[in-house]
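This report refers to the structure that appears directly beneath it.
Chain letters run A, B, ... following the sequence lines, proteins first, then strands; residues in each count from 1. For clarity, every value in this text was computed on a predicted model and none was experimentally measured.
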Amino acid sequence: MRIIADTGRCVGAGQCVLAEPTAFDQDEQDGTVVVLTEHVAGEALTRTRQAVQLCPSGALSLAED
Amino acid sequence: MTRAVDHRALNFPAQRTCPYAPPREYAELREHSPVHRIELPNGSSAWLITRHEHVRAVLADTRFSSDRGKPGFPSLLAGQARTNLSGYPMMISMDPPEHSAARRAVLGEFTVRRMQALQPRIQRIVDDCLDAMLAGPRPADLVTALSLPVPSLVICELLGVPYADHDFFQVHTTSLVRLSTPPEERSRSMGELTAYLSELVSAKQAEPGDDLLGRQVLKQRENGTEDHGALVGLAFLLLLAGHETTANMISLGTLILLENPAALAAVRDDPALTPGAVEELLRYLTIVENATSRVATTDIEVGGTLIRAGEGVICLGHTADHDPEVFAEPERFDIARGARHHVAFGFGPHQCLGQNLARLELQVVFDTLLRRVPTLALATPSDQLPFKDDASVYGLYALPVTW
Ligand code: HEM
Ligand code: SF4
């Protein structure tokens with residue numbers, strides 16, 4: 001699955017970084033989400049799904065491919 | 001069988017019977033009338049939202065405005081239609097696009113990594129407070145010794161506020177959050193604090209130091225948007241939003257751990273369990289019960305009920321975080337629950353900016369307290385403790401402990 005992050009919606013709560021630190025980081029300057037690995041599978045995918053659920057601003061989604 | 005609520009009889013705010021569970025009236029609303037119209041102390045009306053699903057939906061929907069000055073925005077203060085926070089602009093009271101711009105400007109100061117870098121300073125603050133408490137007489141009041149000074153010192157460090165001015169802050173922020181404070185006293189505290197912060201910002205503008213306010217001054221100067229009032233509003237908001245909240249979580253969190261010896265022992269023996277314990281404390285306590293209010297800017301349906309433009313809504317986060325549809329056996333305190341989808345920090349674009357600072361402070365406090373004071377015990381039975389039933393943020397006025 002591929003991670004799609006909309007930095008325009010991101011409010012920098014960092015929920016994604018707490019949920020799956022190998023996939024997400026935050027920009028040093030403006031604090032918005034940075035995707036570290038676009039493609040996730042296995043346990044990382046489970047935790048990424050959690051991050052999608054937890055994200056307060058609806059900035060994250062997952063796409064097939 | 002649950003008895004249906006007599007809708008006209010519901011007094012708002014309702015009083016708790018158990019100090020940790022939502023009032024019975026709210027739990028009944030959540031089951032039978034989850035979007036429910038009530039009368040406020042000032043005679044106006046608003047909708048109470050009690051289900052987790054609906055609370056998240058309302059807080060994520062920016063058609064519900066956060067503007068505390070808008071007509072219809074729910075006010076819990078008797079005889080007062082609106083709350084004017086300080087006269088300075090604050091992001092908590094803004095809507096997009098102003099909100100997004102104001103929040104973006106400081107987001108970089110609150111990243112998970114930035115907060116983790118503060119760990120050694122927070123550790124030192126906690127150790128200093130505990131040194132002083134352990135050197136003093138027993139029993140001691142944990143609220144005075146630890147809960148109030150730790151978050152106050154952390155925010156002051158963040159903003160670059162001199163230590164000598166801390167007592168002043170605690171007196172005035174406490175008077176602001178207590179619902180029973182007379183209006184004159186409330187506005188006097190507001191005035192004292194804004195005057196002080198205004199001078200602090202002027203000092204940072206004259207000499208920008210390496211702290212949050214100093215960096216904001218330089219950043220604004222670079223963009224040609226230097227704005228004294230916006231910085232005073234920011235400083236005031238961080239103080240208001242980050243002091244009393246974290247303090248109450250320290251007091252109540254310590255109490256809950258003392259009352260759950262198995263959880264306490266588990267956390268003391270394995271610090272890897274602390275983040276999960278903090279998350280469960282946040283859910284279980286959800287101390288910010290009433291601040292997550294909004295006013296509809298257009299007609300919006302929530303759970304099949306039509307909320308009209310101009311009507312206020314109050315999201316009861318604590319009741320939502322005890323929603324049995326989402327959290328199995330919600331009245332059970334369980335540090336292994338692994339439930340991070342609580343609304344203790346709100347939801348949507350206004351979700352707490354300082355949440356990862358708060359998490360870190362709580363983790364350092366509980367780890368250090370349990371390790372350094374392994375014999376910590378209540379000095380007053382828990383049913384005689386002064387719970388803050390009259391404040392907009394739930395907590396304790398005092399927590400006598402011994403060791
Ligand atoms: C455990 C402690 C804390 C709790 C329970 C808490 C809770 C909340 C909640 C529920 C909101 C959302 C309000 C709304 O939707 O209108 C909020 C917003 C906010 N909090 Fe916290 N908070 C805590 C600690 C802190 C700390 C330590 C800081 C900063 C130093 C902070 C700064 C803020 C700010 C600036 C906002 C407004 C964000 C915005 O409007 O975009 N909070 N907090
Ligand atoms: S959880 Fe959502 S809002 Fe928060 S940093 Fe990640 S993408 Fe941004």
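Using a 4.5 Å cut-off between heavy atoms, A:Gln15 touches chain B through backbone and side chain atoms alike. Only the side chain of B:Arg103 comes within contact range of chain A, with at least one heavy atom under 4.5 Å from a heavy atom of that chain. Proximity to chain B (any heavy atom under 4.5 Å) is shown, for A:Ala59, by neither the backbone nor the side chain. Only the backbone of A:Gln29 has a heavy atom closer than 4.5 Å to any heavy atom of chain B.
At a threshold of 4.0 Å, the pair B:Glu222-B:Lys219 does not count as salt-bridged, since none of the basic side-chain nitrogens sits closer than that to a carboxylate oxygen.
At least one test fails for B:Arg337 against the ring of B:Phe327: distance under 6.0 Å to the centre or angle within 45° of the axis. Remark: B:Arg68 fails to qualify as a cation-pi partner of B:Phe73 under the 6.0 Å distance and 45° angle criteria applied to the six-membered ring.
Counting all heavy atoms, side chain and backbone alike, B:Thr62 lies closest to B:Pro349 at CG2-CG, 3.8 Å.
Across B:Arg104, B:Glu98, B:His99, a single residue satisfies side chain to side chain contact (heavy atoms under 4.5 Å, CB included) together with B:Met91, and that is B:His99.
Among A:Leu18, A:Val17, A:Thr32, the residue making the largest number of heavy-atom pairs under 4.5 Å with chain B is A:Leu18. Contact count versus chain A (heavy atoms, under 4.5 Å) is highest, among B:Arg340, B:Gln355, B:His350, B:Arg359, for B:Arg340. Chosen from A:Pro21, A:Gly8, A:Ala13, the residue pairing most often with chain B at heavy-atom distances under 4.5 Å is A:Ala13. Comparing B:Gly354, B:Pro275, B:Gly346, B:Gly108 by how many heavy-atom pairs each has under 4.5 Å with chain A, the most go to B:Gly108.
Relative orientation of the B:His341 and B:His52 rings is perpendicular, given thresholds of 30° and 60° on the angle between their planes.
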